[in-house]
Student: 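Before I ask anything, here is the structure I am working with.
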Amino acid sequence: MSYNNAYKVRWGILSTGWIASQFVKDLAHTSNGIAAAVGSRSQESADKFAAKYGIARAYATYEDLVNDPEVDAVYIGTPHPFHKENALLALRAGKAVLCEKPFTVNSGELEEVVSYAREHKLFLMEAMWSRYIPAIAKVRQWIAEGRIGDVRLVKADLGFRSEWNPEGRLLNPKLGGGALLDVGIYPVSFASMVLGPHPVSVSSTAHIGETGVDEQFSLLLSYADGRAASINGGVRLNLLDEAHVYGTEGYIVVPGTLVNPKSAELYIGDEKVETFEDDRASIGYAFEAEEVGRCLQAGLTESPDMKLDESLAIMKLLDQIRAQWGLRYPGE
């Protein structure tokens, strides 16, 4: 299918969970996308979701959703142990795919998905929504312009204290639980954006809780020439959610959270010289949806700001870290 600048991507929403609802709400803030259909594992759930968000068609199976001829792209918002099968289902139906992060449980699964998309020249992208948030785009711009000189160090933390629920998504091994895949993906991806996805060495430690998943972790990613990233994360531990990028001439602060930052601060020496403030009305998912639309209109099969090779490298890095802890998920 060819897309012109006036065309709106017709999204199929695969999942009726919380994050899918956030994505659909934000489509109203895009210029190039609409929610055309939703699929669930039951007709009741699909109908309820469709009625709430004004979606025309509701399907009781994911198969029916991806085979809808009036769906151009599929947004996958299921838990990550299901991402591989859901993404392949949509790709095999010839659809473009935006898949929630982490992309899959491990790099082997992701390699299979990426291989299929590339072989069939289909668009595929990890829904690392923070990569497209204006504050993070401003960070990339400041670094590219050399505003803080030679970047030497990244420090990024993300964590919260969740309620004890061993059957819930965060702590259940069967659902790919643990801090690294749930919250760690954000600071690891941020470090990859700044320093690259290929550290020369990785040191890590984790607290493995009662359910057998990591409740908190600490990482030191070492790069060439002594550059480094220090990362902490947790799902049973409140952390001061901030990111810092230190260069030879100054530094950048992303306050609040890396998940959905609203501002970024630029310091030269010790003096704050610029603050970027984002007063958007949208939640923030609109930016990644806009990116998919732009890529499809341009005939691209991946986003230049979140390339598939980078997503693969990050997934391999997460595998390497979990191997240091001896943490494996059921089925691996």
Student: Short question: side chain of Arg131, backbone of Asp305 - any donor-acceptor pair under 3.5 Å?
Tutor: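 Yes: the side chain of Arg131 pairs with the backbone of Asp305.
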Student: Is there a side chain to side chain donor-acceptor pair (under 3.5 Å) between Glu265 and Thr275? Walk through the geometry before answering.
Tutor: CA-CA 5 Å; Glu265 301 167 353; Thr275 300; 5.2 Å; no
Student: Taking the side chain as every heavy atom from C-beta outward, state whether Glu210 and Pro166 have any atom pair closer than 4.5 Å.
Tutor: no
Student: Would you find more than 12 non-hydrogen atoms of other residues, nucleotides or ligands less than 6.0 Å from Glu44 atom CD?
Tutor: no
Student: Please answer whether the main-chain N or O of Lys262 pairs with a side-chain N or O of Asp278 as donor and acceptor at a distance below 3.5 Å.
Tutor: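 It does not hold such a pair.
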Student: Can you see which heavy atom on Ala264 is nearest to which on Val139, and at what distance?
Tutor: CB-CG2, 4.0 Å
Student: Under 3.5 Å, side chain of Arg236 to main-chain N/O of Arg161, donor-acceptor pair present?
Tutor: no
Student: Using ring centroids (six-membered ring only for Trp), state whether Phe82 and His80 fall under 6.0 Å.
Tutor: no
Student: Is the side chain of Arg322 donor-acceptor paired with the backbone N or O of Leu327 at a distance under 3.5 Å, no angle test?
Tutor: yes
Student: What I'd like to find out is whether the side chain of Phe276 reaches to under 4.5 Å of the side chain of Pro134, using heavy atoms alone.
Tutor: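 Yes, side chains in contact.
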Student: Are Val97 and Ile19 joined in one hydrophobic group, where the rule is that I, L, V, M, F, W and Y side chains link up if heavy atoms are under 4.5 Å apart?
Tutor: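 Yes, Val97 connects to Ile19 through the hydrophobic network.
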Student: I'd like to know if Ile321 and Met128 are part of one continuous hydrophobic network [Ile/Leu/Val/Met/Phe/Trp/Tyr, side-chain heavy atoms within less than 4.5 Å].
Tutor: yes
Student: Taking it one step at a time, do Lys174 and Tyr329 satisfy side chain to side chain donor-acceptor pair (under 3.5 Å)?
Tutor: CA-CA 7 Å; Lys174 294 179 181 178; Tyr329 291 110; over 6 Å; no
Student: Taking the side chain as C-beta and beyond, is there a heavy-atom pair between Glu111 and Val113 under 4.5 Å?
Tutor: no
Student: Tell me, with the steps shown, if Ser107 and Asp319 meet side chain to side chain donor-acceptor pair (under 3.5 Å).
Tutor: CA-CA 7 Å; Ser107 60; Asp319 287 352; 2.6 Å; yes
Student: Look at the side-chain heavy atoms of Ile, Leu, Val, Met, Phe, Trp and Tyr, link any pair under 4.5 Å apart, and say whether Ile76 and Leu175 land in one connected group.
Tutor: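 No; Leu175 is not reachable from Ile76 via cluster members.
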Student: For Tyr75 and Ser15, what are the C-alpha separation, side-chain angles and deciding distance, and is it a side-chain contact (heavy atoms from CB on, under 4.5 Å)?
Tutor: CA-CA 8 Å; Tyr75 167 79; Ser15 170; 5.9 Å; no
Student: With distance as the sole test, does Asp182 use its side chain to make a donor-acceptor pair with the main-chain N or O of Gly178 at under 3.5 Å?
Tutor: no
Student: Is the cationic atom of Arg41 (NZ for Lys, CZ for Arg) positioned less than 6.0 Å from the six-membered ring centroid of Tyr62 and within 45 degrees of its normal?
Tutor: no
Student: Let me see the working for Lys101 and Met306 under side-chain contact (heavy atoms from CB on, under 4.5 Å), right down to the final yes or no.
Tutor: CA-CA 12 Å; Lys101 77 279 151 226; Met306 191 73 241; over 6 Å; no
Student: So, for Thr104 and Met315, which heavy atoms are closest and what is the spacing to 0.1 Å?
Tutor: O-CE, 3.3 Å
Student: Do you know which two heavy atoms are closest between Asp214 and Gly177, and how far apart they sit?
Tutor: OD1-O, 4.2 Å
Student: Closest heavy-atom contact between Pro173 and Pro330?
Tutor: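 Nearest pair, atom of Pro173 first, then Pro330: O-CD, 3.4 Å.
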Student: Within the supplied structure, the quantity of interest is the number of heavy atoms (other residues, nucleotides, ligands) at a distance under 6.0 Å from Arg280 CZ; does it exceed 12?
Tutor: yes
Student: Would you find a donor on one side and an acceptor on the other, under 3.5 Å apart, between the side chain of Asp26 and the backbone of Gly284?
Tutor: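 A pair under 3.5 Å: yes.
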Student: Following the transitive rule for hydrophobic clusters with a side-chain heavy-atom cut-off under 4.5 Å over Ile, Leu, Val, Met, Phe, Trp and Tyr, establish whether Leu88 and Leu312 coincide in one cluster.
Tutor: yes
Student: What's the verdict on side-chain contact (heavy atoms from CB on, under 4.5 Å) for Phe190 and Val154, showing C-alpha distance, side-chain angles and the deciding distance?
Tutor: CA-CA 9 Å; Phe190 182 80; Val154 171; 3.9 Å; yes
Student: Any non-hydrogen side-chain atom of Leu258 less than 4.5 Å from a side-chain atom of Asp241?
Tutor: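 Contact flag for Leu258/Asp241 side chains = no.
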Student: Given the rule that I, L, V, M, F, W and Y join up when any side-chain heavy atoms are under 4.5 Å apart, are Tyr116 and Leu14 in one cluster?
Tutor: yes
Student: Using the rule given for salt bridge (Lys or Arg N to Asp or Glu O under 4.0 Å), can you reason through Arg294 versus Glu291, listing the C-alpha separation, both sets of side-chain angles and the distance that settles it, and then say yes or no?
Tutor: CA-CA 5 Å; Arg294 282 193 295 269; Glu291 174 69 4; 2.8 Å; yes
Student: Would you sort out whether Trp142 and Glu274 count as a side-chain contact (heavy atoms from CB on, under 4.5 Å), showing the intermediate values?
Tutor: CA-CA 10 Å; Trp142 284 337; Glu274 191 172 340; 3.6 Å; yes
Student: Between Phe49 and Ser21, is there a side-chain heavy-atom distance shorter than 4.5 Å?
Tutor: yes
Student: Are there more than 12 heavy atoms of other residues, nucleotides or ligands under 6.0 Å from atom CD of Glu163?
Tutor: no
Student: Rounded to the nearest 0.5 Å, what separates atom NZ in Lys48 from atom CD in Gln43?
Tutor: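 Nearest 0.5 Å value for the NZ-CD distance: 14.5 Å.
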Student: Checking Glu332 side chain against Arg328 main chain: does a donor-acceptor pair fall under 3.5 Å?
Tutor: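 Flag not set: sc Glu332 to bb Arg328 has no pair under 3.5 Å.
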Student: Which of these, Trp11, Trp129, Tyr53, sits in a ring pair (Phe, Tyr, Trp, His ring centres under 6.0 Å) with Phe23?
Tutor: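 Among Trp11, Trp129, Tyr53, the one that satisfies the ring pair (Phe, Tyr, Trp, His ring centres under 6.0 Å) with Phe23 is Trp11.
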Student: Does Asp72 use its side chain to pair, donor to acceptor, with the backbone of Val9 at less than 3.5 Å?
Tutor: no
Student: Does a sphere of radius 6.0 Å around CG in Asp150 hold more than 12 heavy atoms from other residues, nucleotides or ligands, not counting ones at 6.0 Å or beyond?
Tutor: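 It does: Asp150 CG has more than 12 such atoms within range.
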Student: Quick one: does any side-chain atom of Arg152 pair with a main-chain N or O of Asp225 as donor and acceptor, under 3.5 Å?
Tutor: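 A pair under 3.5 Å: yes.
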Student: Can you sort out the partners of Arg118 under salt bridge (charged side-chain N to carboxylate O under 4.0 Å, His left out), two or more places apart, ordered by chain and number?
Tutor: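 Testing Arg118 for salt bridge (charged side-chain N to carboxylate O under 4.0 Å, His left out), a comparison that skips the adjacent residues, returns Glu302, Asp309.
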Student: For a 4.5 angstrom cut-off between non-hydrogen side-chain atoms, does Ser222 reach Val202?
Tutor: no
Student: Could you grab the distance from atom CE of Met125 to atom SG of Cys99, nearest 0.5 Å is fine?
Tutor: 11.0 Å
Student: Indicate yes or no for a side-chain donor-acceptor contact from His83 to the backbone of Glu100 under 3.5 Å, with no hydrogens or angles considered.
Tutor: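 Looks like yes, one N/O pair under 3.5 Å.
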Student: How close do Glu249 and Gly149 get, counting heavy atoms only, and between which atoms?
Tutor: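 Looks like CG-CA, 3.7 Å.
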Student: Under the criterion side chain to side chain donor-acceptor pair (under 3.5 Å), I'd like the reasoning laid out for Ser45 against Thr16: C-alpha separation, chi angles, the key distance, then a yes or no.
Tutor: CA-CA 7 Å; Ser45 176; Thr16 54; 2.8 Å; yes
Student: Nearest heavy-atom pair of Leu181 and Gly176: which atoms, and what distance?
Tutor: CD1-O, 4.0 Å
Student: Is Val24 close to Ile55 at the side-chain level, that is, under 4.5 Å between some pair of heavy atoms?
Tutor: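 Touching, per the 4.5 Å side-chain cut-off.
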Student: Check whether any side-chain heavy atom of Ile143 sits under 4.5 Å from a side-chain heavy atom of Glu145, and report yes or no.
Tutor: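 Side-chain contact under 4.5 Å: no.
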Student: Dump the intermediate steps for salt bridge (Lys or Arg N to Asp or Glu O under 4.0 Å) on Asp68 and Arg57, then the final yes or no.
Tutor: CA-CA 9 Å; Asp68 183 335; Arg57 297 182 302 285; 2.6 Å; yes
